[in-house]
Amino acid sequence: MIARRAFGVIGLGALTLSLAACDGPQSALSPGGRDADVLASLFWIMLIGAVAIWLLINGLFFFLTRIRPRAMPRRAAEALIIGGGIVFPTIVVAGLLTYGLSIMPDQRAVGKGTRIEVVGEQWWWRVHYWPEGADEPIVAANEIRLPAGTRSEITLKAARVIHSFWIPGLGGKTDMIPGRVNRMSLEPTETGTYRGQCAEFCGDSHALMALNAVVLRPESFDAWLGRIARPAGPPETELARKGAAVFLSEGCGACHAIRGTAAAGRLGPDLTHLASRTSLAAGILDMTPEALAAWITDPDAIKPGARMPGYDHLAQAEMTALVAYLEGLE
Ligand code: CUA
């Protein structure tokens with residue numbers, strides 16, 4: 001009795017937890033876009049169908065073994081096997097296949113407006129925005145922004161190994177494969193911040209390869225894109241100017257670009273508007289001075305295998321200045 005009650009409590013707890021996990025910024029079941037909406041409906045239809053069939057089969061099993069445990073006439077038994085074993089599954093599977101195929105063309109519809117190119121790197125995302133007619137991209141990293149109500153085209157590439165691009169609240173997932181260009185399009189309907197995650201094992205820090213997708217109203221998106229297209233403004237405080245000098249003398253510019261300065265490296269993420277991003281280290285840390293200092297001091301402790309070297313040799317004053325400079329890159 002006690003054991004049964006304990007099982008009941010555990011079961012109820014697990015159900016509550018699993019339902020709670022259906023909500024939030026990284027859930028395919030709280031859709032904020034057209035594609036995610038269709039996929040969520042597909043999921044619910046499949047789930048309801050699966051539960052109905054499960055109840056039917058187990059009901060029959062229960063009925064025939066406990067309620068009427070008698071031998072069936074041969075004809076009835078044959079009809080049950082042919083009907084339940086061949087006809088019923090054929091109809092159900094054909095119906096599901098037809099429904100599944102019917103939603104595919106919409107998922108592949110071509111986007112318009114600004115195209116976004118995302119490249120999977122060693123646990124971060126290189127992001128290029130290509131406004132219509134542009135011959136040069138606007139370079140960003142580790143976050144994408146999309147206009148609500150527009151279908152945007154996203155091209156997906158990978159630098160060295162396979163990754164997979166997935167923002168569950170906005171749509172399905174698509175692999176990023178070295179040497180190939182894959183396409184997807186997303187049509188967010190509700191503004192807000194959605195969390196994405198690399199969905200293909202890509203090495204030590206695969207689980208730490210995330211990104212935020214920020215959906216803006218179209219006019220806010222245009223204003224934002226215009227702002228990040230500009231080079232970085234000069235450092236405004238004495239401390240930030242010292243930090244800019246530390247950035248250059250430490251050679252950070254060999255890997256990172258800050259447009260408008262001598263830093264033009266392309267190995268690591270572009271930092272021109274770093275401080276305006278919603279996260280640091282590809283969706284892992286909040287954009288705070290403490291997190292910046294911790295990341296620069298020892299990236300490997302936060303993201304094992306990250307290619308950025310640690311800068312634990314910097315004096316406290318140098319680190320404070322460097323962080324002040326980076327914090328000013330809005
Ligand atoms: Cu990138 Cu997993």
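Just so it is clear, the structure is predicted and the values come from calculations on it, not from any experiment. Counting convention: from 1, in listed order, for ligands and their atoms alike. Because only heavy atoms are used, hydrogens play no part in the values below, and waters and symmetry mates are left out as well, while side chains stay in.
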Engineer: Taking both backbone and side-chain atoms into account, decide whether C198 has an N/O/S atom under 2.8 Å from atom 1 (Cu) of ligand 1.
Structural biologist: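 Looking at C198, which is the residue asked about, there is an N, O or S atom under 2.8 Å from atom 1 (Cu) of ligand 1.
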Engineer: Ring-plane angle category for H128 and W130, please: parallel below 30°, perpendicular beyond 60°, tilted otherwise.
Structural biologist: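 Geometry flag for W130 against H128: perpendicular rings.
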Engineer: Restricting to N/O/S, name the atom of H206 that gets closest to atom 2 (Cu) of ligand 1.
Structural biologist: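 Minimum-distance N/O/S atom of H206 relative to atom 2 (Cu) of ligand 1 is ND1.
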Engineer: Rounded to the nearest 0.5 Å, what's the gap from CG on D175 to CE on M184? Could you check?
Structural biologist: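 CE of M184 is found 10.5 Å from CG of D175.
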Engineer: N/O/S atom of S164 under 2.8 Å from atom 1 (Cu) of ligand 1, yes or no?
Structural biologist: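 Looking at S164, which is the residue asked about, there is no N, O or S atom under 2.8 Å from atom 1 (Cu) of ligand 1.
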Engineer: How wide is the angle at atom 1 (Cu) of ligand 1 between SG in C202 and SD in M209, to the nearest 10°?
Structural biologist: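 It comes to 110°.
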Engineer: So, do T189 and V215 sit near enough that their side-chain heavy atoms are less than 4.5 Å apart?
Structural biologist: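 Not in contact.
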Engineer: Using side-chain heavy atoms (C-beta onward) and a distance below 4.5 Å, is I138 in contact with T114?
Structural biologist: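 The answer is no; the side chains never approach within 4.5 Å.
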Engineer: Do H163 and E121 have side-chain heavy atoms sitting under 4.5 Å apart?
Structural biologist: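 Answer no - side chains too far apart.
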Engineer: Which is the closest N/O/S atom of E200 when seen from atom 2 (Cu) of ligand 1?
Structural biologist: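 Closest to atom 2 (Cu) of ligand 1 among those atoms: O.
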Engineer: Measuring from atom 1 (Cu) of ligand 1, name the closest N, O or S atom belonging to H163.
Structural biologist: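 Distance check against atom 1 (Cu) of ligand 1 picks out ND1 in H163.
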